[in-house]
Amino acid sequence: MGRIGDAFRAERRDTAAAPPAGGAGTAPFDRGAAWVRDVLLPALAQADAELAGDGVAVRFDSNLDPRSTNHAHVDFWLAPRDDHGGVPHGPRHSINVREGRDVWLFRPGEPGRVLGPIEAVDAAACEEMLANAAAEYARLLG
């Protein structure tokens, strides 16, 4: 049985000693994560502040850990600010920054679509996307 443990420990030593694959292999991920932190998350915070008076919150879940995913990823949805049940949550919107370059939007039941390169998807583009999500949520509430 010692072979299994030996193989595990040997691989851990080799992996720890090896340089990252491709040298700067995390650079695209880092570009995508920086866009999320600098552009998307502030837009989500602004939308949340704007909708607070209407009792609506912008909820999100992000994954900016290159050890668990190969691209920066954020899911967001609108929901009642005081979620006591009975009021529906809006559909989940998934934002993926692929290859640290292209911003993709995925929505339930629809194919993903490219919103553009990170340089073009600025605060105004995020505001438009969030305004569309807010209008859709208002229609859902009736």
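Every heavy atom of this structure was used, including side-chain atoms; hydrogens, water molecules and symmetry mates were not.
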*Asks:* Is a side-chain N or O of Trp35 found less than 3.5 angstrom from the main chain of Ala72, in a donor-acceptor match?
*Replies:* no
*Asks:* Asp102 and Pro117: which non-hydrogen atoms are nearest, and at how many Å?
*Replies:* OD1-CA, 4.0 Å
*Asks:* For the CG atom of Leu130 and the CD atom of Glu128, what is their distance to the nearest 0.5 Å?
*Replies:* 10.5 Å
*Asks:* What is the minimum heavy-atom distance between Gly90 and Leu140, and which atoms define it?
*Replies:* CA-CD2, 4.0 Å
*Asks:* Could you tell me whether Arg59 sits above the aromatic face of Trp77, with NZ or CZ closer than 6.0 angstrom to the six-membered ring centre and within 45 degrees of the axis?
*Replies:* no
*Asks:* Following the transitive rule for hydrophobic clusters with a side-chain heavy-atom cut-off under 4.5 Å over Ile, Leu, Val, Met, Phe, Trp and Tyr, establish whether Val97 and Val114 coincide in one cluster.
*Replies:* no
*Asks:* Taking Val56's backbone N and O only, do any of them form a donor-acceptor pair with Asp54's side chain (distance below 3.5 Å, no angle check)?
*Replies:* no
*Asks:* At their closest point, which heavy atom of Leu78 faces which heavy atom of Ala133, and how far apart are they?
*Replies:* CD1-CB, 4.1 Å
*Asks:* So, taking the atom named CG in Asn132 and the one named CG in Leu105, what distance separates them when rounded to the nearest 0.5 Å?
*Replies:* 9.5 Å
*Asks:* Please assess Met129 against Leu40 for the test side-chain contact (heavy atoms from CB on, under 4.5 Å), listing each intermediate value before the final yes or no.
*Replies:* CA-CA 11 Å; Met129 175 185 62; Leu40 183 58; 4.0 Å; yes
*Asks:* Verify whether one side chain among His73 and Asn63 offers a donor that lies under 3.5 Å from an acceptor in the other.
*Replies:* no
*Asks:* What residue among Val74, Ile95, Val39 forms side chain to side chain contact (heavy atoms under 4.5 Å, CB included) with Leu44?
*Replies:* Val74
*Asks:* Going by the angle between their ring planes, with limits at 30° and 60°, are Phe106 and Trp104 parallel, tilted or perpendicular?
*Replies:* parallel
*Asks:* For Ile118 versus Gly100, what's the shortest heavy-atom pair and its separation?
*Replies:* CD1-O, 3.5 Å
*Asks:* Show the nearest heavy-atom pair for residues Arg107 and Glu136, with the distance to one decimal.
*Replies:* NH1-OE1, 2.7 Å
*Asks:* Has the side chain of His93 got a donor or acceptor atom that lies under 3.5 Å from a matching backbone atom of Pro91?
*Replies:* yes
*Asks:* Using atom types as modelled and distance alone, determine if a side-chain donor or acceptor of Arg81 lies under 3.5 Å from a backbone N or O of Asp48.
*Replies:* yes
*Asks:* If I compare all heavy atoms of Phe60 with all of Leu41, which pair ends up nearest, and what's the gap?
*Replies:* CE1-CD2, 3.7 Å
*Asks:* Can you check whether Arg67's main-chain N or O pairs, donor with acceptor, with Asp65's side chain at less than 3.5 Å?
*Replies:* yes
